[in-house]
Amino acid sequence: MARHLITSAIPYINGIKHLGNLVGSQLPADLYARYLRARGHEVMFICATDEHGTPAELAAAKAGKPVDVYCTEMHEVQAEIAAGFRLSFDHFGRSSSAQNRVLTQHFAKVLAEHGLIREVTEKQMYSVADGRFLPDRYIEGTCPNCGYTSARGDQCDNCTKQLDPVDLINPRSVISGSTDLEMRETKHLFLRQSEMKDKLAAWIDSKTDWPVLTTSIAKKWLFDGDGLQDRGITRDLAWGVPAQFEGAPWQGMEGKVFYVWFDAPIEYIAATQEWADKTGGDWARWWRTDKGAEDVTYTQFMGKDNVPFHTLSFPSTILGSGEPWKLVDYIKSFNYLNYDGGQFSTSRGRGVFMDQALGLLPPDYWRWWLLSHAPESADAEFTWENFQVSVNKDLADVLGNFVSRITKFCRSKFGEALPEGGLWGEREIALIAELATRVREYERLMDEKEVRKAATELRAIWVAGNEYLQAAAPWTVFKTDPAQAAAQTRLALNLVRLYAVLSEPFIPDAAATMLAAMQTEDRSWPGDIRAALEVLPVGHAFATPEVLFRKIADEEREDWQNRFAGTRD
RNA sequence: GGCUAGGUAGCUCAGCAGGUUAGAGCACGUGACUCAUAAUCACGGGGUCGGGGGUUCGAGUCCCCCCCUCGCCA
């Protein structure tokens with residue numbers, strides 16, 4: 001038994017996430033967590049909402065609510081949806097927690113003591129009417145290049161030219177529309193990542209087993225152009241972890257907070273502290289190598305947009321502190337999931353969002369499709385046709401129908417209990433051999449976090465059951481040798497339990513239904529396959545379950561296709 | 001423009017320490033079976049492995065050039 005710390009990139013508080021966000025971090029993290037628990041390991045699976053920053057402030061203002069109230073509400077919404085997808089977090093925290101404030105300030109202070117923070121005075125656009133500094137993208141004006149009137153301070157959406165806010169003609173605040181803007185001096189803290197460059201490079205180089213996607217992005221940022229740049233870790237905002245605090249090694253940072261990318265990853269640790277405070281557990285044995293975490297394996301899951309923060313920035317914080325914090329062991333990153341020929345778009349409401357998905361079908365349908373099509377080697381694409389075909393074929397026909405055919409067969413010929421008699425022959429021995437090979441391969445792929453390939457192997461395990469039934473044909477054997485048919489039926493019914501155990505990480509609800517139907521609580525992971533197929537003994541009663549997975553009809557699919565093509569209401 | 005990852009059967013993808021007739025699922029065709037959610041199982045048709053050079057006895061698999069897609073950055 002080993003100890004595994006697993007974190008999923010934390011979703012931003014602003015709004016409900018779409019399926020692309022889900023499959024990029026939370027869902028594969030959950031798959032891995034469930035698998036490791038099933039194998040008997042000790043798991044700490046952490047996620048949280050990322051709550052600080054300007055977008056949260058603006059969304060709250062738009063909703064007419066204080067930002068803290070807004071975040072509390074949205075956190076509850078996201079927690080509920082996560083539960084709806086059966087994401088099995090040990091704790092779903094909040095980056096606005098008191099624990100994170102203390103820890104973030106602690107890290108900043110320690111980093112400063114190690115000379116890794118420097119103060120930088122720069123000029124930034126200030127909106128007198130709004131009473132605040134404006135981030136570049138919250139300033140709009142006319143593009144000096146193409147004349148587009150809604151060009152943003154960082155880039156013109158029309159001609160794609162990169163801009164500086166001062167370039168804009170007639171600049172105005174996106175927040176209030178005010179044109180009363182001026183350049184003011186402001187002071188910020190910068191994390192001296194450039195000092196950490198060599199150490200980070202050596203560390204990344206040592207990770208030869210990481211996905212190429214992860215290491216190539218890290219190396220790009222490390223070596224491209226002038227190399228790894230220092231980054232500002234404070235902003236002129238009210239909503240966040242205050243950058244001026246008691247005992248801070250600097251002065252004059254009043255009214256400023258730490259930037260989200262600095263405090264968000266620290267929330268992984270803080271969320272574990274939140275968990276500890278709630279449950280009385282010990283967070284330090286997961287995070288402090290001087291307090292029991294030296295044998296922990298830490299795996300992070302994230303979309304590719306988050307890779308720079310997790311390979312460079314957060315490690316700079318961890319390593320730079322000089323304290324014995326647990327550093328990540330493996331970073332599993334994902335490409336993007338596109339939607340029917342284009343991108344999912346939160347702002348334009350294009351694609352399927354998590355709450356909407358659950359309104360259409362139960363979580364297992366989505367979990368199966370998303371995981372079996374996870375964008376590991378390249379960007380992947382969601383289409384309704386593909387979704388319909390995969391779900392109908394894999395879940396309804398191959399797995400669901402297998403459970404259905406054998407339970408109903410047994411019920412009609414022998415009754416609802418495992419029948420007695422008969423012996424296993426060559427066919428059964430061959431099946432056991434095939435399953436043994438496949439289950440070991442499935443384990444290997446799950447250990448390697450090869451999500452798509454694991455799904456393929458699992459499906460092949462389901463298919464093996466159908467092949468066996470088709471070849472053994474107990475319905476024919478029954479006519480001449482009922483005892484032999486009984487042995488075959490007994491084996492197949494035991495397969496249902498085995499499938500439930502193996503499939504649980506992908507489709508937890510269906511797995512629970514299958515175990516309930518087999519009237520067993522035995523979820524033990526199969527070591528010896530032969531033994532695993534004798535867990536349910538002769539005479540063990542079962543209940544013929546309802547249809548495990550219903551099929552998606554063509555009309556339904558077309559309806560959904562139309563409904564989600566445009567914008568979200 | 002620079003960089004990353006891709007461009008393999010109609011579709012979604014696997015394969016690549018270079019080596020006999022390039023694989024899987026879906027879709028399609030034929031057959032088997034009738035226990036089952038008109039499900040399942042078997043067999044089959046289908047690919048000049050983006051294009052062009054090169055290295056090699058031999059290249060989707062290595063090298064060079066070009067074209068296309070996606071994303072990141074300037």
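Naming convention: chains lettered A, B, ... in sequence-line order (proteins, then strands); numbering from 1 in each chain.
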So, for [X] and [Y], is the gap between ring centers shorter than 6.0 Å?
X         : Y         : answer
Tyr12(A)  : His52(A)  : no
Trp210(A) : Trp203(A) : yes
Phe387(A) : Tyr365(A) : no

Grab the [atom1]-[atom2] distance between [X] and [N] for me, whole Å please.
X         : N      : atom1 : atom2 : result
Arg405(A) : U34(B) : CZ    : C1'   : 9 Å
Asp397(A) : U37(B) : CG    : P     : 12 Å
Arg427(A) : A42(B) : CZ    : P     : 13 Å
Glu385(A) : G10(B) : CD    : P     : 18 Å
Gln470(A) : U40(B) : CD    : P     : 10 Å
Asp394(A) : C11(B) : CG    : C1'   : 14 Å
Leu395(A) : U40(B) : CG    : P     : 13 Å
Leu337(A) : C13(B) : CG    : C1'   : 15 Å

What distance, rounded to whole Å, do you find between the two [atom1] atoms, one in [N] and one in [M]?
N      : M      : atom1 : answer
A14(B) : C49(B) : C1'   : 12 Å
G51(B) : G10(B) : P     : 14 Å
A74(B) : A9(B)  : C1'   : 40 Å
C3(B)  : C41(B) : C1'   : 50 Å
C33(B) : A27(B) : P     : 22 Å
C72(B) : G54(B) : C1'   : 32 Å
G18(B) : G31(B) : P     : 46 Å
A22(B) : G60(B) : C1'   : 8 Å

| task | Enumerate, in order of first residue number, the stems that involve RNA chain B, defined as 3 or more consecutive Watson-Crick or G-U wobble pairs with both distances under 3.5 Å. | result |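 Stem list for RNA chain B: B:1-3 with B:71-73, B:5-7 with B:67-69, B:10-13 with B:23-26, B:28-32 with B:40-44, B:50-54 with B:62-66.
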| Around Gln519(A), counting heavy atoms of other residues, nucleotides and ligands shown, do more than 12 lie under 6.0 Å from its CD? | yes
| query | When only distance counts, do a donor and an acceptor, one from the side chain of Asn401(A) and one from the base of A36(B), lie under 3.5 Å apart? | reply |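 It does, because a donor-acceptor pair links the side chain of Asn401(A) to the base of A36(B) below 3.5 Å.
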| Phosphate OP1/OP2 of U40(B): any Lys393(A) side-chain N/O under 4.0 Å |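 It does, given that an N or O in the side chain of Lys393(A) lies less than 4.0 Å from OP1 or OP2 of U40(B).
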| field | Over-ring placement of Lys332(A) relative to Phe334(A), 6.0 Å and 45° cut-offs | value |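 Verdict for Phe334(A): a cation-pi partner in Lys332(A).
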| request: Please list residues of residues 430-468 of chain A whose heavy atoms come under 4.0 Å from any atom in RNA chain B, ordered by number; otherwise none. | output: Arg452(A), Lys453(A), Arg459(A), Val463(A), Asn466(A), Glu467(A)
Under 4.0 Å between any heavy atoms, over every strand shown, what does [X] touch: base, sugar-phosphate, or nothing? Just pick one.
X         : answer
Phe402(A) : nothing
Leu548(A) : base
Lys551(A) : base
Val389(A) : sugar-phosphate

| message | Looking at Lys453(A) and Glu457(A), is any side-chain nitrogen of the basic one under 4.0 Å from a carboxylate oxygen of the acidic one? | response |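 No.
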| request: Classify the glycosidic conformation of G60(B) as syn or anti, calling it syn when the angle lies within 90° of 0. | output: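 Chi for G60(B) falls in the syn range.
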| query | Any donor-acceptor pair under 3.5 Å linking the side chain of Asn14(A) with the backbone of Ala56(A)? | reply | no
Mind checking whether [X] and [Y] have parallel, tilted or perpendicular rings, split at 30° and 60°?
X         : Y         : result
Phe309(A) : Trp261(A) : parallel
Trp384(A) : Phe382(A) : perpendicular
Phe402(A) : Tyr499(A) : tilted

| Does the side-chain ring of Phe409(A) sit on the six-membered ring of the C35(B) base, less than 5.5 Å centre to centre and under 30° in tilt? | no
| field | Positive for salt bridge (Lys or Arg N to Asp or Glu O under 4.0 Å) with Glu195(A), one of Lys197(A), Arg192(A), Lys199(A) | value |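 The single option meeting the salt bridge (Lys or Arg N to Asp or Glu O under 4.0 Å) with Glu195(A) is Arg192(A).
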| note | RNA chain B nearest-nucleotide lookup for Asn335(A) and Lys408(A): closer to the 5′ end is Asn335(A)
